[in-house]
Amino acid sequence: MPRLKVNAAFKSAVGTSLTVKGWVRTNRESKADGGLCFVAVSDGSCFDPIQCVVKAGVAGFDDIRKLTAGCAVEVDGELVASQGKGQAVEVLVDPAKGGAVRVLGWVENPDQYPVANKRHTFEYLREVAHLRVRTNTFGAVARVRHCLSMAVHRFFHERGFFYVHTPIITASDCEGAGQMFQVSTLDMVNRKLTPDGKKCDFSEDFFGRQAHLTVSGQLNVETYCCALSDVYTFGPTFRAENSNTSRHLAEFWMIEPEMAFCDLMGDSRVAEDFIKHLVEAVLTERPDDMKFFDERIEPGLIQRLRHVLETPFRRLPYTEAIDILHKAQAAGRKFEFPVKWGTDLQSEHERFLTEEHFKQPVILMNYPKQIKAFYMRLNDPGTDGAPGDTVAAMDVLVPQIGEIIGGSQREERLDVLDRRLDEMKLPKEDYWWYRDLRRYGTVPHAGFGLGFERLVLFVTGMQNIRDVIPFPRAPKQADF
RNA sequence: GCCCUGAUAGCUCAAUGGUAGAGCGACCGGCUGUUAACCGGUAGGUUCUAGGUUCGAGCCCUAGUCGGGGCGCCA
């Protein structure tokens, strides 16, 4: 009998002979019809397990009665219309028609099986990350995560972007996006010091210099942008920040498109189209999993996502956002942190704008230059009526999550870029190859970064970022 | 890094400083084309670690480890 994945079995014609292989979710026994076992088998190919109805005459029926959650089985049977409620079809395992069950792997201590068929907290399941994917929730997250990954590549591929593999290890310390993990083969105990005895001598290290794990592929991908026009990266990113929140990881996946001949407005249009494309993909491709998230994880999720699809994102200047926040304060809205032009918006401010004031995704644009990175393009004085200098930066804020995308138009003018490097006391020589892009055929270009796990949170309604990546890495957390 | 909070059966949680308990799961039996099943029974404990107070500590004190929530940093 041909082996079919469970999702394919569900779509097969009644009467099809088939074999399904997977892991037992539940097993119930009945004395009806001379003895039956109802064995629900999942192989992860879709949300629902398939019910196998095993008749008592099947060889090894005494063993089949003892199947518990987690056991691995192969089942030969026939797809039939279900006599019971709760499923349209099921696999009838009848010895008269060649039905059989082979147990490939038992659960050796069912009383202590970590993911027994009962409710578990997500906190507990993080401690059994190697088994938690066998649960409804984590299986659904894994499939949605895959769906989103494919949709990312499809979105860019269809628009003529090239996928660039930027390096994981970076030997330059010039990315400036946060604390970095060091990469070294030196003996950490008996390490050689520089002649003045004050620092570690990295000249004998693997790369002949200090090296780190990347915190962003952006600077590297800009080089490919300035030859291939439209490019993107999608890879792991590392931050050694001691961040203890439900929205941060030490290792996460980031998507960073970069577009030549593109300004900030064009950048924001791609960001909006991108998010809508991804939301549409999960709604159309994973209705089974999304129904589960809508019912059990965040009631109203699907409606919320449809609203995102149907509504144009609200664009407004940072300067205007500050006005709105000031007016809200005047009307009695309390914030823990002060609202002041020239300072970064706090989480509470961003969430007020996207969740309370506009109730939809919001794109804030043109931030004060002092709170943004050196590579962001300096705007003309007085842009948006701002009281100080601004740069062409944008943040996309969404309800529930806050900032999901950060991007900007890049500074393509070498003299302005050099002035910004000087202001921020960054050594120009470290940026020699980045500056070369401005010396040899510079063009306006723009891009953004999207935190992949935050996207998964946004579309699933899950609350903690550690539950939407298979093996989370966070401070004091690197098991598995 | 800061503030708050927690750690007791495989899991979720109870337990005035005085004999360690329930629900779920597991196991055994009953009933049932079952499906968050239902009914009855059984087993299951170094109360996070190390000290301290006390006649006596799951409970009080000190330190530590780890979890969770909020904030900061950001994606």
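The chains referred to below are lettered A, B, ... by the order of the sequence lines, with proteins before strands, and numbering in each begins at 1.
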**Asked** Which dot-bracket notation, 5' to 3', represents the base pairing of RNA chain B when pairs are defined as Watson-Crick or G-U with both distances under 3.5 Å, crossing pairs as [ ], and inter-strand pairs as |?
**Response** (((((((..((((....[..)))).(((((.......))))).....(((((..]....))))))))))))....
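Checking B:G72, B:A75, B:A37 against every side-chain atom of A:T245, the shortest atom distance belongs to B:G72. Among the nucleotides B:G30, B:C66, B:G70, the one closest to any side-chain atom of A:K476 is B:C66. Nearest to the side chain of A:Q477, among B:G72, B:G67, B:G33, sits B:G67.
Residue contacts shown for A:Q87 include a base, since a base heavy atom lies under 4.0 Å away. Heavy atoms of A:T26 sit nowhere under 4.0 angstrom from any nucleic acid atom. Within 4.0 Å (heavy atoms only), A:T121 reaches sugar-phosphate atoms of the nucleic acid but no base atom. Using a 4.0 Å heavy-atom distance criterion, A:E90 is classed as a base contact. Nucleic acid contact class of A:E123 (heavy atoms, under 4.0 Å, all strands): sugar-phosphate only. Using a 4.0 Å heavy-atom cutoff across all strands shown, A:F337 reaches sugar-phosphate atoms only and no base atom. Within the 4.0 angstrom heavy-atom criterion, base atoms lie near A:L249. Base engagement by A:E29 is indicated by at least one non-hydrogen atom pair under 4.0 Å involving a base atom.
Atom C1' of nucleotide B:C66 and atom OH of A:Y124 are separated by 16 Å, given to the nearest angstrom.
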**Prompt:** Just by protein heavy atoms under 4.0 Å, how would nucleotides 23-29 of chain B read 5' to 3' in B, S and -?
**Reply:** BBBSS--
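Contacts between residues 41-53 of chain A and RNA chain B, defined by a heavy-atom separation under 4.0 Å, are made by A:Q51, A:V53.
In this structure, A:R304 is positioned above the aromatic face of A:F458, its NZ or CZ under 6.0 Å from the six-membered ring centre and within 45° of the axis.
Close placement of the A:H153 and A:Y232 rings is indicated, their centers lying within 6.0 Å of each other.
Between A:A9 and A:L79, the shortest heavy-atom distance links the atoms O-CD2, 3.4 Å.
Residue A:R466 has a polar side-chain atom (N or O) positioned under 4.0 Å from OP1 or OP2 of B:G68. The side chain of A:Q346 places an N or O atom within less than 4.0 Å of a non-bridging phosphate oxygen (OP1 or OP2) of B:G72.
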